[in-house]
Amino acid sequence: MNENKHRHFIQRIIDEDNVTGKFDNRVQTRFPPEPNGHLHIGHAKAICLDFGIAKEYGGKCNLRFDDTNPIAEEEEYVDAIQEDVHWLGFEWDKLCFASDYFQQMHDYAVQLINQGDAYVCDLSADDIRQTRGTLKKPGKDSPFRKRSIEENVDLFKRMKNGEFPDGSRTLRARIDMAHPNLNMRDPVIYRIMHATHHNTGNNWCIYPMYDWAHGLEDSIENITHSLCTTEFEDHRPIYDWFLDRLDVYHPQQIEFARLNLSYTLMSKRKLKDLVNGGYVNGWDDPRMPTLSGMRRRGYVPRSIRKFMDEVGIAKRENVMEIAKLEAILRDELNKCAERRMAVLNPLKIIITNFDENNVEELDAINNPEDESAGSRKVPFSRELYIEQDDFMENPPKKFFRLAPGREVRLRYAYFITCNEVIKNEQDNIIELHCTYDPATKGGSAPDGRKVKATIHWVSANDSMNAEVRLYDRLFSVPNPATSKNFEDVINPDSLNILNECRLEPSLSKVEIGEHIQFERLGYFYKDPDSTTEKPVFNRTVPLRNTWAKLEKQQQSQNN
RNA sequence: UGGGGCGUCGUCUAAGGGUAGGACACCUGGUUUUGGUCCAGGCAGUUGGGGUUCGAAUCCCUGCGCCCCAGCCA
C-alpha cells in the first residue's frame with residue numbers, strides 16, 4: 001500500500017512510541033473544539049488527523065468539548081459540532097466535556113496550592129499585564145506571590161464560594177516571572193466569572209483557563225498523543241509543568257501546522273463577523289468555509305477527507321489553493337452525480353420545420369461514468385430554450401457554438417441550423433429560428449458530417465422553472481486574512497441569483513440534498529429552500545471550462 | 001533584537017548520506033454526442049555562504065527570511 005510509503009512526522013513519532021512501548025502501544029486521541037462557533041474546513045484537518053490516527057492504530061478518539069469559558073459558549077454550537085463531525089464521516093469513542101471534570105480540576109488546583117505551586121493573586125487584569133514584563137524584559141513578582149498556603153487555600157475556597165466579584169482575584173501558578181517564555185510567568189489558572197454555563201449551570205463561579213484545563217482533560221481521558229496546532233507549541237512547557245507537578249498521567253502534546261485555504265478566512269471570530277454583519281446568510285451560507293456551509297454548497301464529505309489526505313501533515317506554514325480542493329471535489333462528483341439538462345439564461349429557439357403538436361421523447365444517458373445509472377427520456381418539441389451564451393451573432397474565432405447559418409448538435413436530440421435572428425425594438429435578440437435535420441435523431445449524422453459543438457437545451461413547454469444560485473469565492477484576494485478590513489476585499493459578485501432558469505422535467509424528481517450535474521455547466525445541489533413549485537439549486541462548482549479560459553485570455557489581450 | 005517554530009517547483013508535499021519524485025495549477029497534443037471526463041507529453045524547486053564526506057535537500061557552522069507568544073480567549 002502506498003499510504004504506508006510516506007509517514008508524516010506524527011506517524012513516525014507514534015511508530016517510535018510503539019517500539020519503545022512508551023504508552024504500552026496504546027493510541028488514544030481526541031478532537032477538542034470549543035463550542036463557541038461552527039466548525040470550518042480548518043477544523044476538518046484536525047478531525048481527520050485525530051480520528052484518522054486513532055483508526056489507523058486501532059485506538060480510540062473522543063469528541064471533547066473544551067467548554068471552560070461560559071460567556072463564549074453555547075449549546076447550539078455543541079449540537080452543530082456533533083452534526084458536522086458525523087457528516088464528515090467520523091464516530092467518536094466517548095463524548096466528553098471539560099466541564100465534566102470541573103470538580104476534579106478544582107481539587108487538583110487545591111493540591112497545587114498545598115504544594116506551594118499556586119497562589120491567589122489580587123492584582124487586576126491590568127496590573128497583571130503591567131507586571132508580566134515584555135518580550136525582552138522579565139516580569140515582576142506579584143505582591144501576593146508569598147501568601148501562606150493557609151491563606152491561599154482559604155481565599156481560593158472563598159473565590160469558589162462566590163464571595164468575590166468578577167475580576168477581583170485569580171489563582172496563579174507560581175512558576176517564574178522572569179521566564180523567557182511569557183506563558184510561564186505565573187499564568188492565571190482560575191478566574192472568577194459569575195456566569196451560567198451551558199452544562200454546569202450556576203454550580204461554578206470560577207472557571208479554569210485553557211492552559212490549566214487542557215492537559216488535565218487529556219490526562220483524565222488517558223490520551224496518549226495530544227495533537228494540536230503550532231501556536232500551542234509555546235504552551236507545551238506549561239502543559240508539561242502542570243502534569244509533572246501533579247504527578248499524574250502525562251500525555252504527549254504534538255503540534256502540526258494549521259490549514260489555510262486561498263481566498264478564504266479561517267478565523268472563527270471573523271467568520272462570526274461575516275455572519276453577524278450580514279455579509280452572508282448565516283453560518284451555513286454556501287460561501288462560508290464552515291462544514292455546514294460546504295455541505296449546503298454541495299461538497300461531499302469524501303472530497304474533504306481526500307483533500308486532507310493530500311494536504312499532508314507538517315509543521316511549516318501553508319496556504320492550500322482552493323483549486324486543489326475543487327479538483328478533488330469534481331473528481332468525486334464526476335463519479336456519482338447524475339447528469340441533467342438545465343438552461344440558466346434561456347434564449348428561445350423555434351424549430352420551424354418541427355410540427356407544433358409533436359413532442360418526441362429522446363433517450364439521454366444519466367451518467368457516462370457509470371453505466372448502472374441508466375438513462376431517461378427528455379421531451380423535444382418545436383419551442384426550445386438554449387443558453388444565451390451558446391449563441392453569438394458575430395462569433396469570434398474559436399467560438400464553436402451556434403451562430404447565424406451555423407449547424408450544431410442539441411445534446412441527445414438533433415442537429416439544428418440557425419436561419420434567422422429575431423430582435424426586439426431595443427435590438428436585443430429575443431428568439432432564434434432554426435431548422436432541424438430529422439435524419440440526425442439522437443445526435444448522430446448518418447452521412448458522417450461533423451458539427452463543432454454540442455449544446456444543451458430544454459423543451460419550452462415541458463420544462464419547469466427554477467431558481468439557481470451561482471456562488472463564487474467570497475473574497476477577491478488570495479489571502480484576505482492579511483487585509484486590515486475584510487470588507488475591503490469581499491467579492492461583490494460572490495452570489496448571483498438566477499430566477500428564470502428552465503429545467504428538464506425529470507429534475508422534478510430530485511430530492512433536497514441531491515447532487516446533480518447540469519450538463520456543460522457544473523455540479524449543483526438541491527437546496528433546502530426549495531419548494532414544490534420552485535426548486536432551488538446551488539452551484540457547487542463549475543465544470544472545467546476551457547472556452548471560458550480562452551475568452552478570458554482574449555479579453556486580457558484586448559486590454 | 002527574549003523565547004518557541006519553520007524554510008524543497010507557482011501551491012502543497014515526498015526523498016531521514018546515494019538518480020530531487022508526486023499532486024494541483026499552467027502549457028502542448030490526442031480521444032470525445034458535455035469546450036466535461038479520459039489519455040500522452042511539457043514547464044518548473046532544495047534560502048545564501050562555508051565545512052564534513054567518494055557523495056549533502058538531508059549532518060555541522062554561519063548568515064538571511066517568514067510565522068507564533070506580552071487575554072482573567074482557546
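Numbered from 1 within each chain, the chains take letters A, B, ... in sequence-line order.
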Query - A:T229: partners by side chain to side chain donor-acceptor pair (under 3.5 Å), with sequence neighbours left out - result: A:E231

Report task. Kindly state which residues belonging to residues 305-316 of chain A come within less than 4.0 angstrom of RNA chain B, counting heavy atoms of the residue only, listed by number. Result -> A:E310, A:V311, A:I313, A:A314, A:K315, A:R316

Query raised in the report: Less than 3.5 Å between a donor and an acceptor, one on the side chain of A:E317 and one on the base of B:G7, is that the case here?
Result: no

Query - Anti or syn - B:G71, cut at 90° from 0 - result: syn

Which atoms of nucleotides 70-73 of chain B (N or O only) lie under 3.5 Å from a protein N or O atom, and what are those distances?
unit_1 : atom_1 : unit_2 : atom_2 : d
B:A70  : O2'    : A:R132 : NE     : 3.2
B:G71  : OP2    : A:R129 : NE     : 3.4
B:G71  : OP2    : A:R132 : NH2    : 3.4
B:C72  : OP1    : A:R132 : NH2    : 3.3
B:C72  : OP2    : A:R132 : NH1    : 3.2
B:C72  : N3     : A:G167 : O      : 3.3
B:C72  : N4     : A:L123 : O      : 2.8
B:C72  : N4     : A:A125 : N      : 3.0
B:C72  : N4     : A:G167 : O      : 2.9
B:C73  : OP2    : A:R191 : NE     : 3.2
B:C73  : OP2    : A:R191 : NH2    : 2.8
B:C73  : O3'    : A:R191 : NH2    : 3.2
B:C73  : O2'    : A:N69  : ND2    : 3.2

Report task. Give the dot-bracket string for RNA chain B, reading 5' to 3', where a pair is Watson-Crick or G-U wobble with both distances under 3.5 Å, ( ) marks pairs inside the strand, [ ] marks pairs crossing earlier ones, | marks a partner on another strand, and . marks unpaired. Result -> .((((((..((((....[..)))).(((((.......)))))....(((((..]....))))))))))).....

Query raised in the report: If each of A:F399 and A:N181 is mapped to the nucleotide of RNA chain B with the nearest heavy atom, which maps nearer the 5' terminus, i.e. the 5' end?
Result: A:N181

Query raised in the report: So, do A:L49 and A:K45 sit near enough that their side-chain heavy atoms are less than 4.5 Å apart?
Result: no

Can you pull every protein N or O that's under 3.5 Å from an N or O on nucleotides 38-46 of chain B?
none

Query - B:G16 OP1/OP2 closer than 4.0 Å to side-chain N/O of A:R12 - result: no

Query raised in the report: Quick one: does A:K324 reach the base of B:U11 with a side-chain donor-acceptor pair under 3.5 Å?
Result: no

Query raised in the report: For atom C1', what is the distance between B:U58 and B:A20, given to the nearest Å?
Result: 11 Å

**Report entry** Listed partners of A:R502 passing side chain to side chain donor-acceptor pair (under 3.5 Å), at least two apart
**Finding:** A:S463

**Report entry** Contacts of type salt bridge (charged side-chain N to carboxylate O under 4.0 Å, His left out), residue A:R401, not counting sequence neighbours
**Finding:** A:D390

Requested in this report: Apply side chain to side chain donor-acceptor pair (under 3.5 Å) to A:E233 and list each qualifying residue two or more places apart in sequence or on a separate chain.
Outcome: A:K315

Requested in this report: Pick the C1' atom in B:C12 and in B:A44, then give their distance to the nearest Å.
Outcome: 15 Å

Report task. Report the residues that fulfil side chain to side chain donor-acceptor pair (under 3.5 Å) with A:R544, sequence neighbours left out, ordered by chain and then residue number. Result -> none

Query raised in the report: Which is true for A:R236 with a 4.0 Å heavy-atom rule: it touches a base, it touches only sugar-phosphate, or it touches nothing?
Result: nothing

Requested in this report: Pick the C1' atom in B:A14 and in B:U53, then give their distance to the nearest Å.
Outcome: 24 Å

Query - Results of salt bridge (charged side-chain N to carboxylate O under 4.0 Å, His left out) for A:R339 - residues two or more places apart only - result: none

Query raised in the report: So, is A:Q253 near the phosphate of B:G4, with a side-chain N or O under 4.0 Å from OP1 or OP2?
Result: no

Query - Salt bridge present between A:E56 and A:R7 (N-O < 4.0 angstrom) - result: yes

Requested in this report: Please collect all salt bridge (Lys or Arg N to Asp or Glu O under 4.0 Å) contacts where either partner lies in residues 441-451 of chain A, sequence neighbours excluded, each pair once.
Outcome: A:E360-A:K441, A:E407-A:R449, A:D437-A:R449, A:D447-A:R449

Query raised in the report: Which whole number of Å gives the distance between the P atom of B:C9 and that of B:U46?
Result: 7 Å

Report task. Check salt bridge (charged side-chain N to carboxylate O under 4.0 Å, His left out) between A:R376 and all other residues, then give those that pass, not counting sequence neighbours. Result -> A:E504

